[in-house]
Number of protein chains: 2
Amino acid sequence: MAVTIKDIAEKVGVSVTTISRVLNNRGYISDNLKKRVQDAMEEMNYQPNEIARSLSRKKSNIIGLIIPDVSHPFFAELTKNIEYYAYSHGYKILLCNSLLNKRKEKEYFDLLKASRVDGIILGSHTMGVEEYRSIKLPIVTIDRQITDSIPCISSDNYEGGKLATKVLIDKKCRKIAYISGNLQLNLLATKRHDAFLEQVKANGVEYVVKQTHVNGFNLEDYRKLVHALFKEHPDVDGVFASSDIIAMEVVRECHRLGKSIPDQVRVVGYDGIEQGYFQNCEITTIEQPIKDMGELAVQYLIQQIAGEAPPMETILPIKLLKRGTA
Amino acid sequence: MAVTIKDIAEKVGVSVTTISRVLNNRGYISDNLKKRVQDAMEEMNYQPNEIARSLSRKKSNIIGLIIPDVSHPFFAELTKNIEYYAYSHGYKILLCNSLLNKRKEKEYFDLLKASRVDGIILGSHTMGVEEYRSIKLPIVTIDRQITDSIPCISSDNYEGGKLATKVLIDKKCRKIAYISGNLQLNLLATKRHDAFLEQVKANGVEYVVKQTHVNGFNLEDYRKLVHALFKEHPDVDGVFASSDIIAMEVVRECHRLGKSIPDQVRVVGYDGIEQGYFQNCEITTIEQPIKDMGELAVQYLIQQIAGEAPPMETILPIKLLKRGTA
DNA sequence: TTGTATGCGTTATCAT
DNA sequence: ATGATAACGCATACAA
């Protein structure tokens, strides 16, 4: 049985209240007593029971993080940063991979509510708007605007889409493909799509759009999609992929087909996942400020927890990373 | 204020004990009453307070996961699988990135103990053996053997090192380099090193060993290390990298130096991170069974939590993935 | 400056 | 088959 506040109290010969006080550094306690208590804690190797504290304070200091999949480099990087900032503010992270499964996402919400997390950061969003409204918890979403009452942090998807497309157009691509996951799943990513359309149309460039209808991202699906793209449109000489993962798949398929990059096909990705461990990808891409996104997500969530009202919409600047594929 | 068991009790007109019973499906309750209670819960949108349950039961159903860095693809993939299996067994995951910082790792241990997690899965290990002994919690380590009383799950590092080296030797490499992170940090990875040495010596092949002394992995360090390797040993024609991340860096440097792969330099990596999102790396590598490692880690931990004794040492088979770089 | 008593939401031990 | 009541470990309003 672990040592409790009561054991310390008995050892020092005072009441539990006093122990609680030095634990929380509240109220008045003589320096002498304080030291004796601390020594006793040290000696008995006392660990405050956070569960009991949470119950009593009605605050868990836990943030629930729901994302599609940590093993996706964008979310891995995001998760790392979120955990870092959360920790530095005294919060712990409960990790949930929804795998873009609606039922699972719902279960996680219930789980997080039951666990009395203080708030939720949401990088995955497959449920209906109404279901989110019913959640009374502080929420911050990443790159996925749900309602106008839930703060959303995103990078400038429109500008990113525009920049990416422009690069391809400037390099004289004749037929440009936009290839992405299920647009339904990420309303904000459609802005990349919108920007793409505007650019190609404004410049009179031939184009084609490819997207999976599958409910989730899956490398195999991407592969098939990319394969189909070049089979149906062998004359495509420019590709804007909505994630670096997809872009890598495009590069791969081109190698397979013997198409040289960037000579015969130019490729621009999205995310800038090389921020962490992938600086070797060498893919020209639009870099999202993942670190800032994570930091702001935590900050805004904590503000809400404190009863403050963070901005409802935050659009962070993106950056074009010119590299080898375009 | 959230609705509690007490509210339900009043609504249905029974005692809290009864509510608790239907909640836990324990003891006898008439089907009729059971249904009435469940309906009331539904109607009032009741969410059991897991914190209170944890306090009462002295069990949190939370597993602490300490790894160096989720954004490293090996750990990202591992984390995904661990979370998946933990969830399917009714456990939640508290994520901790130690960043291979000893002080931080210690803080996380205290945090997890204070949070009353039911057990810890450890993929990071920088503290001294004694410090781990003092931890009374169930622990399982991944790829890092600490003491003979803490179950450790790893892939067959020796065999992996042997296989990787053999590939290079079979392909007639004349001078082979082994390049890795700080060997001190991962006693098990030294087995790859041992196997490497045995092979090159047994076959009379010239070799060189390069490793960072930095306490943690950092892409920049790897880059410098790789750069130094080829500067000091331009005649190296085979490289065994202790992780795919490093291998990718080697590939990159070779491109930069105009050395063709695999003609002038052959490269073998380690990890098999392409299991998730990186099947495009095309690096010949030793694949670790990450999924199995995650599943077993959870399984062994839960066994310990249940008072059972899982195997102390589990070595999973690795696989050579023959691809383009060797 | 320190102590007493009560509550946090649930489970568990007795009763009945 | 159901209920009263005491834990669980800590925080806090109110006393002293």
Side-chain angles (χ1 to χ4, degrees), chain A residues 1-38 40-41 44-62 90 110-118 136, chain B residues 1-38 40-41 44-62 90 110-118 136:
Chain A
M1 198 87 345
V3 26
T4 77
I5 215 183
K6 198 175 163 190
D7 301 319
I8 308 286
E10 284 172 1
K11 170 144 188 138
V12 181
V14 292
S15 77
V16 290
T17 309
T18 305
I19 310 299
S20 175
R21 283 211 179 89
V22 358
L23 209 54
N24 297 287
N25 220 354
R26 235 195 286 286
Y28 299 92
I29 11 138
S30 68
D31 284 359
N32 176 289
L33 216 188
K34 189 167 179 175
K35 180 157 182 9
R36 275 164 56 216
V37 171
Q38 285 168 338
M41 286 179 170
M44 301 183 74
N45 196 11
Y46 170 75
Q47 292 279 354
N49 185 326
E50 287 298 332
I51 293 183
R53 302 180 100 174
S54 297
L55 180 60
S56 186
R57 297 189 183 129
K58 292 171 163 297
K59 186 160 187 319
S60 63
N61 276 303
I62 296 181
D110 289 341
L111 180 70
L112 293 180
K113 279 203 278 190
S115 299
R116 297 300 191 266
V117 297
D118 294 331
K136 299 283 187 290
Chain B
M1 198 87 347
V3 26
T4 75
I5 215 182
K6 199 175 165 190
D7 300 319
I8 307 286
E10 284 171 3
K11 170 144 188 137
V12 182
V14 292
S15 75
V16 291
T17 310
T18 305
I19 309 298
S20 176
R21 282 208 179 91
V22 358
L23 208 57
N24 297 287
N25 220 352
R26 235 196 287 285
Y28 299 91
I29 11 140
S30 68
D31 284 359
N32 176 290
L33 215 187
K34 188 168 180 175
K35 181 159 183 5
R36 275 164 54 216
V37 171
Q38 284 168 339
M41 285 178 171
M44 302 183 72
N45 196 10
Y46 169 75
Q47 291 278 356
N49 185 325
E50 287 298 332
I51 293 182
R53 299 180 103 174
S54 296
L55 180 61
S56 187
R57 295 190 183 130
K58 293 173 162 295
K59 185 162 187 318
S60 63
N61 276 301
I62 295 180
D110 290 340
L111 180 70
L112 294 180
K113 280 203 277 189
S115 299
R116 296 305 191 263
V117 298
D118 294 332
K136 297 283 189 288

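It should be emphasised that the depicted structure is a prediction, and the values quoted were computed from it without experimental measurement. Scope of the values below: all heavy atoms of this structure, side chains included, with no hydrogens, waters or symmetry mates. Quick note on labels: first sequence line is chain A, next is B, and so on, each numbered from 1.
- Among the heavy atoms of the strands lying under 4.0 Å from B:Ile29 are primed sugar atoms or P, OP1, OP2 only; no base atom is included.
- Using a 4.0 Å heavy-atom distance criterion, A:Ile51 is classed as making no nucleic acid contact.
- Separating the CG atom of B:Leu55 from the P atom of D:dG9 is a distance of 7 Å, rounded to the nearest angstrom.
- Counting only distance, with no hydrogens or angles, the side chain of B:Thr4 and the backbone of B:Lys6 share a donor-acceptor pair below 3.5 Å.
- Regarding B:Lys59, its NZ atom lies at a distance of 19 Å from the C1' atom of D:dG9, rounded to whole Å.
- Between the CG atom of A:Asp7 and the C1' atom of D:dC8 there is a distance of 13 Å, rounded to whole Å.
- With sequence neighbours left out, A:Asp118 forms a salt bridge (charged side-chain N to carboxylate O under 4.0 Å, His left out) with A:Lys59.
- At least one side-chain heavy atom of A:Gln47 sits under 4.5 Å from a side-chain heavy atom of B:Arg116.
- In this structure, A:Lys34 and A:Val22 approach most closely via the heavy-atom pair CG-CB, 4.5 Å.
- Side-chain N/O atoms of B:Lys58 include one lying less than 4.0 angstrom from OP1 or OP2 on D:dG9.
- Separating the CD atom of A:Glu10 from the P atom of C:dG3 is a distance of 13 Å, rounded to the nearest angstrom.
- When distances run from any side-chain atom of B:Ser15 to the nucleotides C:dC8, D:dA4, C:dT1, the shortest one goes to D:dA4.
- With rounding to whole Å, A:Ile8 atom CD1 is found 18 Å from C:dG3 atom C1'.
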How would nucleotides 10-16 of chain D be written as a contact map, 5' to 3', with B for base contact, S for sugar-phosphate-only contact and - for no contact, using protein heavy atoms under 4.0 Å?
-> BBBBB--
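- Between the CG atom of B:Asn25 and the P atom of D:dA1 there is a distance of 14 Å, rounded to whole Å.
- Of the possible polar contacts, one joining the B:Ser115 side chain to the B:Leu111 backbone as a donor-acceptor pair under 3.5 Å is found.
- Looking at B:Val12 and B:Leu33, their side chains come closer than 4.5 Å, going by heavy atoms from C-beta outward.
- Pairing each heavy atom of A:Ile8 with each of A:Ile19, the nearest pair is CG2-CD1, 3.8 Å.
- Put simply, OG on B:Ser60 and CD1 on A:Ile51 are 5.0 Å apart, with the number rounded to the nearest 0.5 Å.
- A straight line from OH of B:Tyr28 to C1' of C:dA15 spans 17 Å, rounded to a whole angstrom.
- Axis angle between the ends of the helix from C:dT1-D:dA16 to C:dT16-D:dA1, five pairs each and rounded to 10 degrees, works out to 40°.
- Side-chain atoms of B:Tyr46 and B:Leu23, non-hydrogen and from C-beta on, do get closer than 4.5 Å to each other.
- Not one side-chain nitrogen or oxygen of A:Ser54 sits closer than 4.0 Å to the OP1 or OP2 atom of C:dC8.
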